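Before any comments, here is the structure.
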Amino acid sequence: MSQSTYPNEKICSLASILTQANKFQQLLSKDNIWSACYGNDYLSMIYLADLNKSLQQKKLLFDIGANKGYTIALWLSMWMPEIGVNPKSLYMYLSQVLKIDDCGVCTDCNETISNSVQTNNRINTTLEIHAFEPMESTYQALRQVSTWINISTLYLHKIAISNTTGIANMKKCPVGSELCGLLAIDHSTSNEKVFQTSTITLDEFVEQKNIQQKIDLLKIDTEGADPLVLQGAKKLFTKKQIRILIFENHGIGTWKTTSLLTVIEFLSKEGFICYMLGKTGLARLTNCWSPAFDIKRWSNVLCVHREEEHIRHFLDRLLITNI
């Protein structure tokens with residue numbers, strides 16, 4: 001990776017790169033879904049890092065590929081526990097009321113927040129959440145979930161986020177399926193397994209909604225179109241309007257022809273430091289790259305803007321080389 005032009009930027013030595021890469025490979029050898037199904041300690045670190053910012057605040061969160069809403073439920077359990085929504089209660093609603101007996105591919109329904117958050121002074125926080133789900137059947141289920149959650153600042157959008165605004169083809173899937181995304185090649189719209197969906201760039205969406213606040217957390221899980229979502233957010237990057245983002249990396253969709261290193265370098269130029277996100281910690285990618293990270297299998301990456309130094313300080317506690 002090219003060297004960072006930012007002053008005082010950490011650049012890993014060859015020895016530390018090898019040490020981290022070896023630790024990462026050891027973790028994968030013991031658990032091949034270590035990064036595919038990551039833990040939520042990072043979320044606790046973000047929460048704790050912001051404790052002293054303000055006693056009252058509104059956070060702006062984007063969930064691109066919201067599916068059944070487990071990420072939304074986790075966010076609410078973290079920042080608005082008083083409303084009683086969490087992944088477990090969401091599963092009970094999905095299974096008993098909507099008859100969708102689906103805990104999530106990573107057993108998302110069992111996720112809980114850490115004791116470090118539960119025992120600390122709470123922040124009086126309101127969440128504004130924008131959730132995007134283009135699949136009709138899943139979107140309708142998510143609408144019912146939204147009614148059950150019953151907060152006025154949860155906004156649902158039946159549209160796909162991409163690098164262009166227009167129309168794209170998407171594979172049809174059963175309600176709640178986590179395996180369908182935008183199709184990278186053109187398919188006949190008469191195909192019963194394919195449907196057309198509207199698309200919009202993140203830049204244009206934010207402009208249309210006149211959103212001026214920084215996005216505190218942008219989660220992207222589009223089953224193959226994540227690099228396209230990032231390409232469509234260049235104005236937001238220029239304006240430094242995104243604090244933290246998470247995206248999924250693998251070998252389907254756009255990832256077939258896009259390397260993870262290319263995306264990490266692009267985000268570095270846009271001001272982000274990125275980490276491989278896993279069950280038991282983080283491995284730094286920016287300026288610490290190793291070919292060990294160039295894997296075409298399900299994994300997840302967390303990136304934080306360089307100007308968010310306080311959050312970076314907390315996240316560094318989770319580095320696998322420190323554990």
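Side chains are part of it too, since the values below use all heavy atoms of this structure and drop only hydrogens, waters and symmetry mates. Predicted, not measured: the structure shown is a model, and the values here were computed from it.
- Between the side chains of E204 and Q208, at least one donor N or O lies within less than 3.5 Å of an accepting N or O.
- The aromatic rings of F293 and F24 lie tilted to each other, with the angle between the two planes from 30° to 60°.
- Judged purely by distance below 3.5 Å, without hydrogens or angles, the side chains of Q212 and N210 pair a donor atom with an acceptor atom.
- Between the CZ atom of R143 and the CG atom of L156 there is a distance of 8.0 Å, given to the nearest 0.5 Å.
- A donor-acceptor pair under 3.5 Å is formed between the side chain of Y93 and the backbone N or O of Q144.
- Residue I242 is tested with L217, L236, D216 for a side chain to side chain contact (heavy atoms under 4.5 Å, CB included); the sole match is L236.
- Here the straight-line distance linking atom CE of M170 with atom CD of E136 works out to 11.5 Å at 0.5 Å rounding.
- The same ILVMFWY cluster, assembled from side-chain heavy atoms under 4.5 Å apart, contains both I113 and L51.
- Side chain to side chain, S35 and W298 fail the donor-acceptor criterion of an N or O pair below 3.5 Å.
- Counting all heavy atoms, side chain and backbone alike, L90 lies closest to A73 at CD2-CB, 3.9 Å.
- Side chain of T138 to backbone of M135: no donor-acceptor contact under 3.5 angstrom is found.
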>> Applying salt bridge (Lys or Arg N to Asp or Glu O under 4.0 Å) to R243 and D50, what does each step give before you reach the verdict?
In response: CA-CA 12 Å; R243 299 177 73 201; D50 280 347; 3.1 Å; yes
Discussion item. Go through it in stages, so that I can follow the logic: the residues are T222 and F247, the test is side chain to side chain contact (heavy atoms under 4.5 Å, CB included), and I'd like the CA-CA distance, side-chain angles, deciding distance and then a yes or no.
Written reply: CA-CA 9 Å; T222 62; F247 64 89; over 6 Å; no
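- With hydrogens and angles ignored, the 3.5 Å screen pairs no side-chain donor or acceptor of N32 with any backbone N or O of L28.
- E307 has a carboxylate O that lies under 4.0 Å from a charged side-chain N of K240, or vice versa, which qualifies the two as a salt bridge.
- With respect to the salt-bridge test (charged N to carboxylate O, under 4.0 angstrom), the residues D41 and K279 do not qualify.
- At distances below 3.5 Å, at least one donor-acceptor pair connects side-chain atoms of T199 with backbone N or O atoms of G166.
- Using a 4.0 Å cut-off between charged side-chain N and carboxylate O, K239 and D203 make no salt bridge.
- Of all heavy-atom pairs between S268 and R306, the closest is O-NH1, 2.9 Å.
- Residue C274 holds its SG atom at 11.5 Å from CG of L282, rounded to the nearest 0.5 Å.
- A salt bridge links E128 with K58; the closest basic N to acidic carboxylate O contact falls under 4.0 Å.
- For the pair T258 (side chain) and T254 (backbone), a donor-acceptor distance under 3.5 Å is present.
- In this structure a side-chain-to-backbone donor-acceptor pair under 3.5 Å is missing from N300 to N249.
- When each of I211, D63, L154, L61 is checked for a side chain to side chain contact (heavy atoms under 4.5 Å, CB included) with H130, only I211 meets the rule.
- Ion pair K235/E207 flagged as a salt bridge, since at least one NZ, NE, NH1 or NH2 atom sits closer than 4.0 Å to an Asp/Glu carboxylate oxygen.
- Using a 4.5 Å cut-off between side-chain heavy atoms of Ile, Leu, Val, Met, Phe, Trp and Tyr, with links allowed through other members, I33 and Y275 fall into different hydrophobic clusters.
- For the residue pair S16 and T19, no side-chain donor N or O sits within less than 3.5 Å of a side-chain acceptor on the partner.
- Under the 4.5 Å side-chain heavy-atom criterion for grouping Ile, Leu, Val, Met, Phe, Trp and Tyr, V145 is connected to I83 within one hydrophobic cluster.
- Closest heavy-atom contact between P134 and T197: CB-OG1, 3.5 Å.
- Counting heavy-atom neighbours within 6.0 Å of K23 NZ, excluding the residue itself, gives a total above 12.
- Environment of CZ in R297: crowded, with over 12 heavy atoms of neighbouring residues, nucleotides or ligands closer than 6.0 Å.
- The aromatic rings of H310 and F314 lie perpendicular to each other, with more than 60° between the two planes, well past the 30° mark.
- Summarising the geometry of A131 relative to A66, their closest heavy-atom pair is CB-CB, 3.7 Å, with the distance given to 0.1 Å.
- Hydrophobic clustering (side-chain heavy atoms under 4.5 Å, transitive across Ile, Leu, Val, Met, Phe, Trp, Tyr) groups I264 together with F266.
- To the nearest 0.5 Å, atom OG1 of residue T126 and atom CG of residue L60 are 12.5 Å apart.
- With contacts defined as side-chain heavy-atom distances shorter than 4.5 Å, the pair L76/I149 qualifies.
- The shortest non-hydrogen separation linking Q25 to A292 is NE2-CB, 3.6 Å.
- Identified under the salt bridge (charged side-chain N to carboxylate O under 4.0 Å, His left out) test for residues 246-262, with sequence neighbours left out: none.
- Put simply, the residue from D101, T107, N86 that forms a side-chain hydrogen bond (donor to acceptor under 3.5 Å, both in side chains) with Y91 is D101.
- Two rings, from F272 and F237, have their centers less than 6.0 Å apart.
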Decide yes or no on ring-ring contact (aromatic ring centres under 6.0 Å, His included) for F205 and F132, but give the supporting numbers first. CA-CA 11 Å; F205 175 84; F132 303 83; 4.9 Å; yes
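- For the residue pair L319 and R284, the shortest heavy atom distance occurs at CD2-N, 4.1 Å.
- Side-chain contact of Y70 with D102: a donor-acceptor pair under 3.5 Å is absent, judged by distance alone.
- The OG atom of S198 sits 13.5 Å away from atom NE2 of H157, with the distance rounded to the nearest 0.5 Å.
- No donor-acceptor distance shorter than 3.5 angstrom exists from the side chain of K219 to the backbone of I72, with no hydrogens or angles considered.
- Hydrophobic clustering, with ILVMFWY side chains joined whenever heavy atoms are under 4.5 angstrom apart, keeps Y155 apart from L74.
- Atom OG1 of residue T321 and atom CG of residue N22 lie 12.0 Å apart, to the nearest 0.5 angstrom.
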